[in-house]
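Both counts, for ligands and for their atoms, begin at 1 and track the order of listing.
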Amino acid sequence: MSTTRNERLGRLRDRRRVTTLVVGGGINGISTYRELALQGVDVLLVERADFMSGASSAPSRMIHGGLRYLENGEFGLVRESLRERNRLLRNAPHYISPLPTLIPMSGHLSGIGAAISRFFGGTPKPGARGSLIVKLGLTLYDFYSGRGNPLPRNSFYGRAETRKRWPALSPEISCAALYHDARISYAERLGIEMILDVERDAPQALALNHVEMAGLDGAVATLRDKLTGETLCVRPDVIVNATGAWIDLTNMLLAEDAPKFIGGTKGSHLVLRSPALVEALGDKMVYFANRDGRVCILFEHFGNVLAGSTDISVDTPEGVRCEDDETSYILQSVREVFPAVAIGEEDILFRFSGVRPLPRAETGVNAAISRDHSCEWLDRAGVPVLNLIGGKWTTFRAFGAEAADMVLDKIGIARGVGTESMAIGGGADYPASDQAKTQWLKSEAEFGAISEGRAAQLLQRYGTRAQQFVPGAADSPVTSLPSYSRAEIEWIVDNEHVATLGDLILRRTAIAFSGELSLAALEELSAIAAGVLGWSADERRRQIDDLVTQLATNHGLDADALAARNPDRKEADVPVPESPHEPPVRKRQMS
Ligand SMILES: Cc1cc2nc3c(=O)[nH]c(=O)nc-3n(C[C@H](O)[C@H](O)[C@H](O)COP(=O)(O)OP(=O)(O)OC[C@H]3O[C@@H](n4cnc5c(N)ncnc54)[C@H](O)[C@@H]3O)c2cc1C
């Protein structure tokens with residue numbers, strides 16, 4: 001049995017002092033926590049909701065340099081992002097993979113004036129970019145990808161070749177460019193896996209989800225367990241404010257008259273079920289400017305299509321969701337680039353939204369706000385507070401390392417360990433070649449008495465962490481969700497800081513995101529979680545009701561839609577593994 005939440009809370013109750021308190025368990029807070037923990041620092045991470053439930057669960061899932069940022073002259077950001085992208089391809093190969101990206105264009109010369117203006121600090125309205133400006137950008141992009149770039153260089157196609165290769169694209173498209181970036185499959189899981197790595201490698205550190213920073217009295221921080229209401233106090237030497245779009249709100253709890261750092265913009269995405277669009281896209285992401293000149297993305301994800309995003313200024317990060325006008329806007333953008341593919345609201349499986357924690361900026365054009373990151377000390381609170389401002393998902397390691405170095409400097413500890421080439425979670429010992437993968441699957445299949453298809457599915461979901469599965473006496477599939485087994489769900493709930501049904505269904509797995517969730521699956525999964533976490537019948541019902549409300553409010557998925565996905569669903573509707581009824585892999589002692 002793994003360490004339970006109660007045991008972790010017990011450790012927090014026994015602890016009066018910590019060297020560093022990191023507030024906010026998004027990707028940047030977790031990265032800073034990992035960096036500090038690995039140096040032996042006594043660090044505590046608290047996250048008010050679940051880990052990775054803010055902006056970090058809402059990205060377009062691109063691990064990229066940011067071709068667009070070249071126009072803003074942000075060469076340093078692009079270089080750093082490409083370096084981090086290349087590192088992630090090596091350190092987390094179970095989730096990060098190459099993403100061939102197609103830029104369809106309808107002219108050659110457009111965008112040159114705007115790009116020149118942007119480069120010199122102007123903020124022209126976004127508009128289409130023609131092939132000349134894209135060619136220049138991609139040449140620079142290849143240059144900044146460096147000598148160690150593991151991905152192929154860019155290529156261009158004229159009208160005839162573009163039509164031949166991608167016939168479903170709008171006839172207005174006159175040419176296309178192809179370049180390579182990367183994508184992340186399980187964004188939320190990568191954050192959790194870093195927390196689990198720290199648990200294994202730096203036991204002095206402690207991370208708690210559903211615990212919020214509620215206030216600071218002198219040098220004593222008040223924390224509140226959101227699940228029980230219990231209040232806990234701890235005295236930190238340094239606080240790291242990694243609360244993303246909530247940074248200014250958090251600082252209001254810490255000091256009077258704290259300066260404002262953030263000017264967040266909301267972005268929403270849709271997950272669409274459209275076999276025709278999946279076929280039209282193939283393995284490529286289509287990265288295009290819509291009629292407003294805003295860059296949109298479309299690519300296949302878990303058998304469906306991810307489409308996004310919007311970029312709208314918001315005053316508060318609270319309660320954001322994909323609104324109806326955003327839904328229409330995204331669907332319209334998809335129709336512009338693939339007019340022959342019929343797509344409508346009935347094809348939407350899931351919607352999600354998040355707020356980019358961008359630095360406060362005076363510009364009328366949100367796309368022009370820098371995606372770079374910075375760290376700023378706030379010295380007005382009873383404890384020094386380091387604020388993590390801005391940043392991209394892609395650059396979390398570099399951002400966390402920079403923040404940790406500033407904290408280490410403050411507390412007088414020298415860095416001993418670097419994370420540049422450190423594998424993350426199930427990326428450790430990941431089979432590096434096709435041959436090694438075949439061998440891995442064969443040996444795991446033999447060891448666990450499962451099919452190679454099931455071993456491949458587990459490798460794709462959990463990387464080499466799949467080897468840690470602990471089977472029940474007799475494993476069986478989740479009846480309403482046969483691509484998952486009961487032991488697999490039990491293992492996640494038991495080992496991965498799951499405290500609510502939403503943690504399991506929205507962030508430890510892609511069950512909701514991939515459109516596989518039904519009411520029947522909710523019932524079954526909640527029963528399995530209740531068995532592990534000891535929920536009463538009332539508590540289990542409350543968990544289901546809470547999640548159904550959340551899904552309806554935040555993800556456009558109401559109880560009727562969930563019920564419509566119940567049992568008499570046809571097999572072909574849901575991706576079924578080769579061998580869903582296999583027993584799990586057997587218990588293995590990990591080194
Ligand atoms: C629509 C969209 C698309 C994007 N696409 C990409 C992309 O494709 N590639 C890319 O590289 N980047 C992308 N990004 C950017 C990236 O997702 C964010 O920069 C990154 O996730 C920010 O992480 P964070 O940890 O700083 O913030 P968050 O993930 O928001 O974490 C902050 C956390 O603080 C917690 N918190 C708040 N107050 C408290 C408190 N008082 N106590 C405890 N906890 C608290 C919140 O609950 C939250 O979980 C995108 C962002 C958005 C919104």
Short N-O contact, Arg273 and Asp347, less than 4.0 angstrom: no
Does Thr394, backbone or side chain, put an N or O under 3.5 Å from an N or O of ligand 1? yes
Using a 4.0 Å heavy-atom cut-off, which part of Ile27 comes near ligand 1: side chain, backbone, both, or neither? both
State the atoms of ligand 1, each with its element, that fall below the 4.0 Å cut-off from a heavy-atom position in Val23. 40 (C), 42 (N), 43 (C)
Heavy atom of the protein closest to atom 28 (P) of ligand 1 (residue, atom name, distance): Ala55 N, 3.7 Å
Heavy-atom distances under 4.0 Å are what count here, so tell me which part of Ala242 touches ligand 1: side chain, backbone, both or neither. backbone
Donor-acceptor contact below 3.5 Å, side chain Arg13 vs main chain Arg11: no
Ring centres of Phe299 and Tyr287 under 6.0 Å apart? no
So, is Gly244 polar-close to ligand 1, with some N/O to N/O distance under 3.5 Å? no
With the threshold set at 4.0 Å, does a side-chain nitrogen-carboxylate oxygen contact exist between Asp197 and Arg34? no
Taking the six-membered ring for Trp, are the ring centroids of Phe51 and His497 within less than 6.0 Å of each other? yes
Just need the protein heavy atom nearest to atom 16 (C) of ligand 1, so name the residue and atom and give the distance. Trp393 N, 3.6 Å
Tell me the protein heavy atom at minimum distance from atom 24 (P) of ligand 1, and give that distance in Å. Asn28 ND2, 3.6 Å
Closest by any non-hydrogen atom to atom 9 (N) of ligand 1: pick that one out of Met62, Glu47, Glu318. Met62
Protein heavy-atom partner closest to atom 41 (N) of ligand 1 - residue, atom, separation in Å: Met213 O, 3.2 Å
Has ligand 1 got any nitrogen or oxygen that is less than 3.5 angstrom from a nitrogen or oxygen of Val355? no
Measure His269 to ligand 1 on non-hydrogen atoms and call it side chain, backbone, both or neither using the 4.0 Å cut-off. side chain
Are Asn241 and Thr243 linked by a side-chain donor-acceptor pair shorter than 3.5 Å? yes
Just to confirm my output: which protein heavy-atom neighbour is closest to atom 31 (O) of ligand 1, and how far is it? Gly26 CA, 3.4 Å
Tell me, which protein residue and heavy-atom name are nearest atom 6 (C) of ligand 1, and how many Å apart are they? Pro59 CB, 3.5 Å
What protein heavy atom sits nearest atom 5 (N) of ligand 1, and how far off is it? Ser60 N, 2.9 Å
Could you list the atoms of ligand 1 found under 4.0 angstrom from a heavy atom of Trp246? 30 (O), 37 (C), 38 (N), 46 (C), 48 (C)
Sidechain-backbone polar pair: Glu212 side chain, Ala214 backbone, donor-acceptor under 3.5 Å: no
Need the ligand 1 atom indices (1-based, order shown) with element for anything under 4.0 Å from a heavy-atom of Glu212. 42 (N), 43 (C)
Do any N or O atoms from the side chain of Thr419 and from the backbone of Met422 form a donor-acceptor pair under 3.5 angstrom? no
Relative to the ring of Tyr186, is the ring of Tyr95 parallel (under 30°), tilted (30 to 60°) or perpendicular (over 60°)? tilted
Close side-chain approach of Val334 and Leu277, heavy atoms under 4.5 Å: yes
Please report which non-hydrogen protein atom sits nearest to atom 44 (N) of ligand 1, along with the residue it belongs to and the distance in Å to one decimal place. Arg48 N, 3.1 Å
Judged by heavy atoms only, the candidate from Asp50, Leu208, Thr243, Ile30 nearest atom 39 (C) of ligand 1 is Thr243
Can you list the atoms of ligand 1 that are under 4.0 Å from a heavy atom of Arg61? 8 (O)
Where ligand 1 meets Gly267 - atom numbers and elements under 4.0 angstrom, heavy-atom basis: 1 (C)
Quick one: salt bridge (charged side-chain N to carboxylate O under 4.0 Å, His left out) pairs with a partner in residues 313-333, sequence neighbours left out? Arg48-Glu318, Lys266-Glu326, Arg321-Glu323
Do His269 and Phe350 have ring centroids that are under 6.0 Å from one another? no
The answer for which part of His64 has a heavy atom under 4.0 Å from ligand 1 is side chain
Tell me whether Asp237 is salt-bridged to Lys410, with the criterion being a basic N under 4.0 Å from an acidic carboxylate O. no
Can you list the ligand 1 atoms lying under 4.0 Å from a non-hydrogen atom of Gly391? 19 (O)
Tell me, do Ser370 and Tyr69 make a side-chain contact under 4.5 Å, heavy atoms counted? no
On a heavy-atom basis, I'd like to know which of Ser56, Gly354, Ala58 is closest to atom 20 (C) of ligand 1. Ser56
